[in-house]
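Chain naming here is simple, since letters A, B, ... match the order of the sequence lines and numbering starts at 1 in each. Worth knowing before you read on, the calculation uses all heavy atoms, side chains too, and leaves out hydrogens, waters and symmetry mates.
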Amino acid sequence: MIATGDHRVVLDGVAHRYRGRGADVQALAPLSLAIEPGEFVAIVGPSGCGKTTLLQLVAGFLTPTEGVVAVGEERVSAPSPERGVVFQQANLYPWMSVRANVELGPRLRRAGRAERRRLADRYLGLVGLSEFADAAPYELSGGMQQRCQIARVLANDPAIMLLDEPFGALDALTRDRLQDELHRIWLGSGKTALFITHSVEEAVYLGTRVLVMSPRPGRIVFDEPVPFATGERGAALRAAPEFVAFREHVAAQIGRG
Amino acid sequence: MIATGDHRVVLDGVAHRYRGRGADVQALAPLSLAIEPGEFVAIVGPSGCGKTTLLQLVAGFLTPTEGVVAVGEERVSAPSPERGVVFQQANLYPWMSVRANVELGPRLRRAGRAERRRLADRYLGLVGLSEFADAAPYELSGGMQQRCQIARVLANDPAIMLLDEPFGALDALTRDRLQDELHRIWLGSGKTALFITHSVEEAVYLGTRVLVMSPRPGRIVFDEPVPFATGERGAALRAAPEFVAFREHVAAQIGRG
Amino acid sequence: GSDDNKASAERADGSPDKITIAYQAIPNGDLVVKNQRWLEAAFPDTEIEWKLFDSGGSVNEAVVANSVDIGLAGSSPVARGLSTPIEYQVPWIHDVIGRAEALVVKDEIESIADLRGKKIATPLASTSHYSLLAALDEAGLSERDVEVIDAEPDDIYAAWSRGDIDGAYVWNPNLAKIVGDGGRVLVTSEELSSRGKTTYDLAVVTNDFAAEHPDAVTRWVAQQDRAVRLIRSDPGAAARAIAAELNIEPAEAAAQVRDLIFLDASEQVGAEYLGGGVARNLLATAEFNQRLGQIPEVQDEATYTDGVTTQFAEAAGK
Amino acid sequence: MIEIVEKTPEAPVARRRAAPRRIGPLLRRAAGRAAIPLLSLAVLLALWQLVVELELWSELFVPRPSSVWERLVESERVHDGQKGLSGYYLHEHLWASLSRILRGVGFALVFGVVLGLLLATVKPFRVVVEPYVNFVRALPPLAYFSLLIIWFGIEDTSKVWLLFLAAFPPIALSVLSGVQGIRRERIDAARALGAGRWQVVRFVTLPSVLPELFTGTRLALGFAWTTIVAAETVDGIPGIGGLAWATKKFQQTDVAVLCIIAIGLTAIVLDQLVKQLEKRVVPWRGKA
Amino acid sequence: MIEIVEKTPEAPVARRRAAPRRIGPLLRRAAGRAAIPLLSLAVLLALWQLVVELELWSELFVPRPSSVWERLVESERVHDGQKGLSGYYLHEHLWASLSRILRGVGFALVFGVVLGLLLATVKPFRVVVEPYVNFVRALPPLAYFSLLIIWFGIEDTSKVWLLFLAAFPPIALSVLSGVQGIRRERIDAARALGAGRWQVVRFVTLPSVLPELFTGTRLALGFAWTTIVAAETVDGIPGIGGLAWATKKFQQTDVAVLCIIAIGLTAIVLDQLVKQLEKRVVPWRGKA
Ligand SMILES: Nc1ncnc2c1ncn2[C@@H]1O[C@H](COP(=O)(O)OP(=O)(O)OP(=O)(O)O)[C@@H](O)[C@H]1O
Ligand SMILES: Nc1ncnc2c1ncn2[C@@H]1O[C@H](COP(=O)(O)OP(=O)(O)OP(=O)(O)O)[C@@H](O)[C@H]1O
Ligand SMILES: [Mg+2]
Ligand SMILES: [Mg+2]
């Protein structure tokens, strides 16, 4: 789906409370947030603070118990292909080959066979799985499954990408490479990204804006634009003093609650 | 199970080949390796190189297609409680509460109710899940599930700990804390640990010995003791020049294969 | 519905395209006709379909479903059918149930009066059931004085061989087996018949078919008549034909045939049978059934008189 | 559980799970929930009446609702000096059959679970025994019921056996299939925690197959009900199946239809109970 | 699939999956695999013979193996001018029933899958229809078969209907239960990729429930076989159930037992075919 029209993401007084088996759990405190089209918002926060919950609300998988989530003019009430989701735990279909999983999005919107193949080849190559196109998902290692999931979402070309720790199970080299690929894809595409990660470095490297969430119930305790967001990426940036400084700045916020 | 007797882990000419849906996959090239009791072996390597396969061979979940895995005098042919396993993807039982999951090991060896409770409380506290003892596993966030799994294995007190990216889904703060806890538990217990991670820093911080694996088919391309393994841990160490130097040394090996 | 089963189209000579016949595994002339393929010979241009049924009740259902033209049913189901009323008539008596059905009991039971409080099995709604109740009635016992148990004939023999029941009113071959095992015969249907409680295996033909193809019914009756004559003249040959149909030994078939009473066309048209006796018997059976609460209503007498016809037996006998 | 319910964009967003509840709306919701099924029942009854009015089929086979109702009333009264129908009240018939079914399915549960687990976990056992299970579960009760009578007599024992034989295969097969669907790591994790063969069964296998076990049990109950008439062809009074069989043979269709309705409704209630139990026992369904 | 097979410590470790294969060992393995079931069959036959020799029960109920064998031979020959048994060869009887079963179960598959999916995904539909499904699946064929005869005649149509009615509930219920066990994220992922209501069914729901569908189908087939005698009580020749019913009533137990064995063996073969198909179609069983 080509990014068109207005897809500003707005959360207005959104809170979420789970009905637990024992007690209810207030996962998200009421919070408001607006994400402009084209922004790359990276979210960090302690384990269990409500990041996944926030992302699922935007995806339309959950309905907030308070407040409203909207994209553009429309209230979010269900998932939509304009919002692609990379799940925290790989979620591939075992009855489809790796390739078929990646082709699924295009297939659902009835893209032609050649087009589908082209897309699958491209994104499988991107994540380094060309060799495994015909394998079954359960024959992949954990990190490979995660990469396949990323390829699946990218092949669907969503206007808004919701990524829940997409690089969590990847080794440093692969991770660095995929960070750069993701940045390249996002750059100039007008796509919006909501990117959850545990790595402050990753957040700072990829984001145009970094959010830090407090421990549960999750609130946003830090929300700043990344000063060098428009610059070049690469190993040089990671070593640059302003990068390190901003990284330390963000890191200092975590656990501030 | 208190670590007693000889539990030297030996892999002798071990290779593993999966029968894939499409082609067969040689996951591990023949490799030999011995892990002395009390060692903390950290393994890093690119995604899909065979780390999990190696760990599952030692656990007894897989049988090597070539070579022999042995612990002490005995050839490994099945899982055993002396070898506790933290899985890469959380693997909790949904029909048990978080607490019951942690109590499972002691329960299986018919520990008394009080003893079980004590163990569960201790390790749930350790991983910061005391509050969620009565929740169902599927009510936990990804990182919380991973922590619960760690608590479950620790509560079983295995002589050999096999950990497959146990801290992969944790934020930096929680991760640092759990690294120190794990180190403390291991220290002086005589336990052996086989620890897979994607973070070279983590490997160097925790290991007494660091292995680097080549891309598939996995071989061991680097195997060195950590020079400061017997020293103090803590933030100071992470900043120490010999730590940084060794970290860089290891990082330089990755992808060399 | 399956009207296509039903013969409606006519051939030039007035014989139907197809005749569907409901038969049962009872050792009488019907099986001789079937085995010797006499009908096929008598209706060279007509398709004859033989359908095996397991009880008169299901024959009644098939008639209502328009699935058969001619069928075989005991006098009890026919009496119920006419009371319903089902649109069929009786053109022929396959047999009078003689010694083929009887009340057999454990040896220590000596008379029907001794049956009080005993367990007697019979297939409900069958001619045997009717005969059992009639026998009890004669002895001044009601249905409630005896524990009447419903069971299929072979299950009855199984129950008997374990000693679970004290007796049974049942037919061959299970009757013969129970007797062979030392059962005492208290009364047979033949004896009851002599006291006016006759039971029959009757033929029924749907009113539609009889009206459209009277000639065909006559020809059918003629073949049945021929079978009766064969049974009388050459019982060995008849038994062989029946045995082949029932997958049993000819000797066994012969013994079973001997326990039934067969009437040829000239005998059947008499006042004792199709000429009036059968109709009276059916009415009486219906009334008896109603008294026991087994059928809701009895039709007026004409229904039963009209339900039995001598027309075809007369024509065939000529 | 998946509900694909069309949502209009204007629909209020909140399925507020933690919203405070009051009694009024609750009652109204319960009424609303019952309304549609009741309506559908009314439509069905109207259709039935219509068919009878049109005289499409003889009343012999499709009795009028009113006469079935009369039989129902009669079935719980003493009339002509006789209790109910065939000497017993309807609820006595029903209870006689229900108790046979509960016994048959009860034994089937125990046996079926054990058999299913053995089939799934002990390969030599499966090789030898599975063909026989498949043999037995295809056998038509009408063809072998006599054997049960010879072995177990005409009393309840043979009936309960027949119901048992009808009920255990779906349970065993569901358990077997459930076990085969368990992810390997689930078993591996338990064994690495020290679980022995039977501890794996108790702590992992059994809980894992609970959903399939419930499905199997629901199927088994249904099968048992379909077999009740066959089981009660011999000495089946009191018994709702025996009553249906006897009255059907006499073409007393109104009673037979009454029996059929009684059987169906009892089965629905039983099924509901099992489903409620399932909800309580397997809350993780579809979540993990 | 879980195999808990005791391993002695000395046992060779390698289940070397990629070891080269030769024909000799393969044949020997196949023979080895067949040996145990064949042995168990031999034991069974010996037991049968023993029971007959001991005369525990009359030969009328437990015929001798040899006379069943004679009937089998006879059943495929012309004797006394008549073909096989009751005018048809055994394989004709068998084929007549098998074809009815395949038609009944075939319709049941289509209907059961659609019904199961609708029940699982459309809540109002479930509320209205589920009670009727539970009603129907409890009805004893012996009690309502007359109605089918009235509606569809005595030919194959009513028989196929009966088999269909017996076969669809396990399929529908298995599918329903399968759908309820699908993890939410599986559906969510597809919808976030743009799947509409029916695309979710096609690409996620249906493949997800394949294991349950196979179990349901296997149950349905078995269940259809158990119903074959009831279906063939009327106009059941040719038909293996009709033959069993007719000969059983006449105490020709050897033929009846022959029919039972033929039914059981055919059912086993059919079940094996379905299982083989399942293996091919659902290779991910127990892996994800
Ligand atoms: N399905 C659920 N039912 C009940 N409680 C839940 C459920 N899912 C999450 N929670 C609770 O909500 C809180 C937030 O969970 P969430 O998954 O959003 O955390 P997170 O920030 O993504 O954590 P992590 O980094 O560990 O993935 C947690 O305390 C968790 O226990
Ligand atoms: N069950 C399986 N069937 C077939 N191939 C498999 C299977 N599991 C793993 N593989 C293959 O074996 C190789 C090694 O997998 P393994 O899971 O050991 O990698 P890993 O080093 O743990 O990777 P990661 O860091 O991504 O978890 C991969 O190429 C994978 O495709
Ligand atoms: Mg999360
Ligand atoms: Mg791995």
Trainee: Tell me, for E:Ala143 versus chain D, whether the close heavy atoms (under 4.5 Å) come from the side chain, the backbone, both or neither.
Mentor: both
Trainee: Can you tell me which of E:Ile261, E:Thr227, E:Val62 forms the most heavy-atom pairs within a distance under 4.5 Å of chain D?
Mentor: E:Ile261
Trainee: For chain E, find which of D:Thr266, D:Ile263, D:Leu139, D:Leu39 contributes the most heavy-atom pairs closer than 4.5 angstrom.
Mentor: D:Leu139
Trainee: Identify the heavy atoms of E:Ser40 and D:Tyr132 that sit nearest to each other, and give their distance.
Mentor: OG-OH, 2.9 Å
Trainee: Between D:Lys248 and E:Ser146, which heavy-atom pair has the shortest distance, and what is it?
Mentor: NZ-OG, 2.7 Å
Trainee: Give the member of E:Ala244, E:Pro140, E:Gly264, E:Gly222 that has the highest number of heavy-atom pairs under 4.5 Å with chain D.
Mentor: E:Pro140
Trainee: Please look at D:Ala230 and chain E and tell me whether the side chain, the backbone, both or neither of the residue comes under 4.5 angstrom of a heavy atom of that chain.
Mentor: both
Trainee: Got a second to check how far E:Arg137's CZ is from D:Phe223's CZ, nearest 0.5 Å?
Mentor: 8.5 Å
Trainee: Please report the interatomic distance CG(D:Asn134) to CG(E:Asp271), rounded to the nearest 0.5 Å.
Mentor: 4.0 Å
Trainee: Determine, step by step, whether D:Glu278 and E:Ser177 satisfy the side chain to side chain contact (heavy atoms under 4.5 Å, CB included) criterion, reporting the C-alpha distance in whole Å, the side-chain angles of both residues, the deciding distance to 0.1 Å, and the verdict.
Mentor: CA-CA 11 Å; D:Glu278 177 173 10; E:Ser177 150; 5.7 Å; no
Trainee: State the CG-CD1 distance between E:Leu142 and D:Ile228, to the nearest 0.5 angstrom.
Mentor: 11.5 Å
Trainee: How far apart are the closest heavy atoms of E:Pro141 and D:Thr226, and which atoms are they?
Mentor: CD-O, 3.4 Å
Trainee: What residue in E:Ala267, E:Ala138, E:Pro211, E:Ala224 has the most heavy-atom pairs under 4.5 Å with chain D?
Mentor: E:Ala138
Trainee: Can you tell me which portion of D:Leu270 sits under 4.5 Å from chain E's heavy atoms? Options are side chain, backbone, both or neither.
Mentor: neither
Trainee: Just how far is it from atom CZ of E:Arg183 to atom NZ of D:Lys287, taken to the nearest 0.5 Å?
Mentor: 13.5 Å
Trainee: With a 4.5 angstrom heavy-atom cut-off, is it the side chain or the backbone of D:Leu147 that approaches chain E, or both, or neither?
Mentor: side chain
Trainee: Where on E:Leu41 is there a heavy atom nearer than 4.5 Å to chain D: the side chain, the backbone, both, or neither?
Mentor: both
Trainee: Over all heavy atoms of both residues, which pair between D:Leu219 and E:Ser174 is shortest? Give the atoms and the distance, please.
Mentor: CD1-OG, 4.3 Å
Trainee: Show the nearest heavy-atom pair for residues E:Tyr144 and D:Ile260, with the distance to one decimal.
Mentor: CB-CD1, 4.2 Å
Trainee: Who wins among D:Arg218, D:Glu185, D:Glu212 for the most heavy-atom pairs under 4.5 Å with chain E?
Mentor: D:Arg218
Trainee: Taking all atoms of both residues into account, what is the closest heavy-atom pair of E:Ile268 and D:Pro131, and its distance?
Mentor: CD1-O, 3.2 Å
Trainee: Determine, stepwise, if the pair D:Lys275 / E:Glu130 fulfils salt bridge (charged side-chain N to carboxylate O under 4.0 Å, His left out).
Mentor: CA-CA 12 Å; D:Lys275 263 165 59 183; E:Glu130 195 173 23; 2.9 Å; yes
Trainee: State the CZ-CG distance between D:Phe214 and E:Leu173, to the nearest 0.5 angstrom.
Mentor: 13.5 Å
Trainee: Does any heavy atom of chain E fall under 4.5 Å from the side chain of D:Pro169, the backbone, both, or neither of them?
Mentor: backbone
Trainee: What part of D:Arg186 is in contact with chain E, defined as an atom under 4.5 angstrom from a non-hydrogen atom: side chain, backbone, both or neither?
Mentor: neither
